[in-house]
Engineer: 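Below is one structure. I have some questions about it.
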Amino acid sequence: MSNNKSKFWTFKMAWRDSRSNRSKLFLFMAAIIVGVAAQVAITSFRANLNSSIESQAKELLGADLEVERNAPFQPELQEVLDSLGGDVSTGLEFNSMAFFPTSGTTRLSQITALEGGFPYYGELVTEPASAAAVYQQNGSALVDEPIMRLFGVEPGDSVKIGQLTYKIEGAIIEIPGQPVAASFFGPRIFIPKENVEETGLLQRGSRLEYVSLHKFPEGTDMAAVEDRLDKLRDQHNIRFGFDTVREREEEVGEAIMYLSNFLNLIGFIALLLGGIGVASSIFVYIRQKINTVAVLRCVGVSSNQALSIYLIQATAMGLLGSLLGALLGSAVQLYLPVLVQDFLPVDIDLYISWASIFIGIGTGVIISVLFALFPLLAVRKISPLFSLRTIDINLNELLSNSTKLILGATLAIFITGYAWLMLGEFLPALYFTLGLAACLILLTGFAKLIMIGSRKFLRAGFSYEWRQGLANLYRPNNQTTTLLLTFGLGVTMISSLYLTQDMLLDQIDFGDQRDLPNLALYDIQNDQNEGVNQIITSNGHDILQNVPIVTMRLQEINGMTTEEVDDDTTRNARGWALNREYRSTYRDSLLPTETLEAGEWIGSVASRDELVPVSVEQDLLEDLDAVIGDTLTWDVQGIPIKTYIASSRTVKWDQPSPNFFVVFPAGVLENAPQFYATTINTTSRDASLILQQDIVQSFPNVSAIDVGQVLETVRAFIDKITFVIQFIGLFSIITGLIVLAGSAATSRFQRIREAVLLRTLGASKKQVIKIQVIEYVLLGVMASITGLILSIGASTLIAQFYFDITFVPNFYIIGIEIIILTALVLLIGLSNTRGVHNRPPLEVLRAEAA
Amino acid sequence: MNKPLFMSVSFKIKKTVSNILEVQQLYRKFKSGSKILTVVDDINFSIQEGISCAIVGPSGSGKTTLLGLCAGLDRPTSGTVSLNGIPLNPLSEDERAKVRNEHVGFVFQTFQLVPTLTALENVMVPLELRGDATKEVRERAQELLESVGLGDRTHHYPTQLSGGEQQRVAIARAFINQPKILFADEPTGNLDTETGEYIEDLIFDLNEKQGTTLVLVTHDLELAKKCNRIIKLKNGQVSEDSFTELEPETAAEKSL
């Protein structure tokens, strides 16, 4: 007995048997194409991104070292930096209003006053290209291109920053290391550092960042440099921040890894759904083969051989599907950068990542085989006896429970392993698998409930067409549950995103409320306050709050200096709380947005010679590891002021109003150097813009936060991000549609026979079509509802436990989703029975049987 | 026809007694709800090599179940079955499949051709399973199809053949491995009278030419009378077991 020849026969048989079924088999496997495509696209993209970052690493920083501090550098720091040698550029970064006289418009911008040859790596791309090289010596400015385009401003026009008016030398197209999206939060403007004081913006209390950027000679030991700076920080407790190329690379690499892993997992879900589709289709396929297998067993085929025949077919199709998926994925990969380019700090070099392709194909084949095994293993149990009798066999029952369990466990292990590879940690991978399993179980449960419920519901007194349409969903060999599952999961993912996004945006949408400010002004100097208020009121707007702000630093707590407190290991005070520059206010009463937690509110004192009672924000109290009654000594711009903690408050931080960690009573700080912040409710957007322009013209150092604009920016930003995620989530829906097409194709002959039978019995074409429409509409609606129930549940949980808000479902979104999905399902379903209605019944049957 | 080009490698236990099928104290019981149905109730018989035997009985008498047990497709509740001297009970499913491949041929009421294979390919299956050289197998299959009158339809699929034609292909398949014993379950049940007779003649013809033992399950008494022996079943038991006048040795002369 030649075993090899026998094996050869198995292959031959697999090939021959597939001849009449090729298109069907292929459609089954098409379910995994999309999943594999998603995998390959994302993995390739990540590979491309990582290699781009590696090759452009230095451009991430534009220098070898970047040092920053929100105050001038300490002498010790400066000494070390000077000793390092190399080229240096220094700069000041701050936010300020920029006024464009050409268009009369203003915008809060990110200003960098630079001196030196930065960037040392990569290019500051400007239009015209020469602008970057000459702006410093010409004393002119470079302005972000988007804002220039928005306001219709050209190079040669001017921009007024503070007191100084600059000529715009050119438009900024690209800054090394910064993604285009950075300009979302305020256009970037470069001005020479040389005479920046003349802008009048470097007053006390302005938020300034001091920066120095270094380029060292080739071959410098950067690790040694890092060491020196670390030592400086630790030993002398000197606070500053620094970044090297290596660190920046790591940071960016990490961020990319998280994002791509996340996207990969979502794509993986699409692949798993495809697997479910495969299992379901092969299930139906094998049912039709039971007779054939039984006969083959009669003539001598062993049970393993019988299994092998169909396993070969499944694997071949899995391979084919994966190959096509990989091809598609490589094409999609070319499109992905377009989606996310704005968020990337480097340009992406595109190339074919063969590793990603092989991994994608391998994963696809493994998934399709694993899922196909569920129905295929039952083939071994098909007894030759079935050839003698036509017994109604439930394939499911042919498999022993232990086999199903083993198969299920293998699948779970594979999924967890893959997720582990993606996420890098075991526990999250396990949670992923468990979460997915829970989702699928829940969805299946819902699907079954809905099917049972719809049966009961439609039984009562509905017309024949409705009952028949519904009954069709239960026909033998139906894949309704699978379809509900795949669609349901896709719907769950996409609509959870929509609903959550909607809910979040709702939270911050307070632009329309009367008593909430929609414009906030700050950096108003003491002597400017009156003038600003006058402009506001003369423009007809309401001033909601006008608060004084005094900057100070914490010197001592209960007699110990902040350094001592920091070093004291018995105390748990946070470094940032001890060392930050505080902006405090003074007033005689609590605001409506504040709640007294403990202690006593003391609104005013006679003089500051005695211990001044202050009110501290609740969380800050914990971060300082302090209690009511502790004394705090403040350095208010050179003058020490002793205070004690009289009370603690909770503050609502989510309102666009100035909120303070520390509030002084009236009678202490009135004469301290201070500046003001004012919140206004403007009557309209246009009025708000006019007001901003008025103010900036007279007081160019005053900055304005336009809440409406911020909201728009945030909205646009969130939209972009969620779009990317939804794009990947779309793959699940597409997989569901493919499974639907496969299922419809499989049952085509059966449906045609039914349609023909009905026509023979006297039904009109319209009635027959109506039944089919009803069937698919019901399917679409049921699938949508299944997915939506779960997504509403998910959104509620997210709202409750993560964001601590109440979730109110947006029925508009829900309604649209149901309609779109149902339309898609209907389209696919109806295109399946095309050509049936116009020909005589017998002709149709004969044509299909051939 | 030539002697087969292959010899069975295993199961060489061939007894000198020429009983091709031995059934002893055979029982087959099924559980139906809380009741136990005894479909085959203590059946005993032996069938000699070369003869044709009909198993008849009304519907529900257990004939098809008995056939399944004799062919090794099913396991008895108790009792033994030996095919060609090989006891079937101790064999696994795959071992039984091998036995079938080497010694048994089947003809079914519903033809049971593999719908995705051509007529020729269907006939070739039993020999291809053994790993015989494809060219020779194909030639032999071609010959067989010609001998049943379908030499020009070899590349047609079952759906392109009429019932009678399908059954002829099935017969060709059943005989290609030169089985010792042929089991036929209502071979003419789905055919009209004329085609049915043609099929019957074919089967008996090949039975004589190759000396294959024939076990025929049928409720058609006319067909049964054409066999050497008739075993009548009633309620799962043998109610009558008789030979028609002719002895096995002269059965070969009968058809001349």
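Each chain gets a letter, A, B and so on, in the order its sequence line appears, and its residues count up from 1.
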Engineer: Let me know if B:Thr65 has heavy atoms under 4.5 Å from chain A in its side chain, its backbone, both or neither.
Structural biologist: both
Engineer: Nearest 0.5 Å please: distance from the CD atom of B:Glu93 over to the OG atom of A:Ser383.
Structural biologist: 6.0 Å
Engineer: Under 6.0 Å from the NE2 atom of B:His156, do we count more than 12 heavy atoms belonging to anything else shown?
Structural biologist: yes
Engineer: What closest approach, in Å, do B:Pro115 and A:Thr292 show between heavy atoms, and which atom pair accounts for it?
Structural biologist: CD-OG1, 3.5 Å
Engineer: How close do A:Leu388 and B:Gly68 get, counting heavy atoms only, and between which atoms?
Structural biologist: CD1-CA, 3.8 Å
Engineer: Hey, does A:Pro384 have a side-chain heavy atom less than 4.5 Å from the side chain of B:Arg100?
Structural biologist: yes
Engineer: At their closest point, which heavy atom of A:Val301 faces which heavy atom of B:Ala97, and how far apart are they?
Structural biologist: O-CB, 3.8 Å
Engineer: Could you give the distance from CG (A:Leu385) to CZ (B:Arg75), rounded to the nearest 0.5 Å?
Structural biologist: 12.0 Å
Engineer: Counting heavy-atom pairs under 4.5 Å with chain A, which one of B:Arg96, B:Gln109, B:Glu121 comes out on top?
Structural biologist: B:Glu121
Engineer: What parts of residues 303-317 of chain A touch chain B if we use heavy atoms and a cut-off under 4.5 Å?
Structural biologist: A:Ser303, A:Gln305
Engineer: Using a 6.0 Å cut-off, check whether atom CZ of A:Phe11 has over 12 heavy atoms from anything other than its own residue.
Structural biologist: no
Engineer: Scan B:Val114, B:Thr116, B:Leu117 and name whichever one has a side chain to side chain contact (heavy atoms under 4.5 Å, CB included) with A:Arg16.
Structural biologist: B:Leu117
Engineer: Measure across A:Ser387 and B:Gln112 and return the closest heavy-atom pair with its distance rounded to 0.1 Å.
Structural biologist: O-NE2, 2.8 Å
Engineer: In terms of heavy-atom proximity below 4.5 Å to chain A, should B:Arg173 be classed as side chain, backbone, both, or neither?
Structural biologist: side chain
Engineer: Which one, B:Thr64, B:Val125, B:Asp185, B:Thr110, leads in non-hydrogen pairs under 4.5 Å with chain A?
Structural biologist: B:Thr64
Engineer: Looking only at heavy atoms and a cut-off of under 4.5 Å, which of A:Arg19, A:Lys12, A:Met13 has the most pairs with chain B?
Structural biologist: A:Arg19
Engineer: Checking B:Phe183 against chain A: side chain, backbone, both or neither under 4.5 Å from a heavy atom?
Structural biologist: neither
Engineer: For atom NZ of B:Lys234, decide whether the heavy atoms of other residues, nucleotides or ligands shown that lie under 6.0 angstrom number more than 12.
Structural biologist: no
Engineer: Check whether A:Val299 gets within reach of chain B through its side chain, its backbone, both or neither, counting any heavy atom under 4.5 Å.
Structural biologist: both
Engineer: If you count heavy atoms of other groups shown closer than 6.0 angstrom to CG of B:Asn89, is the number above 12?
Structural biologist: yes
Engineer: Which bit of A:Arg297 comes within less than 4.5 Å of chain B, counting heavy atoms only: side chain, backbone, both or neither?
Structural biologist: both
Engineer: Measure the shortest side-chain to side-chain distance between B:Phe108 and A:Cys298 over non-hydrogen atoms and say whether it is less than 4.5 angstrom.
Structural biologist: yes
Engineer: Working to the nearest 0.5 Å, report the span between CZ of A:Phe8 and CD of B:Glu128.
Structural biologist: 9.0 Å
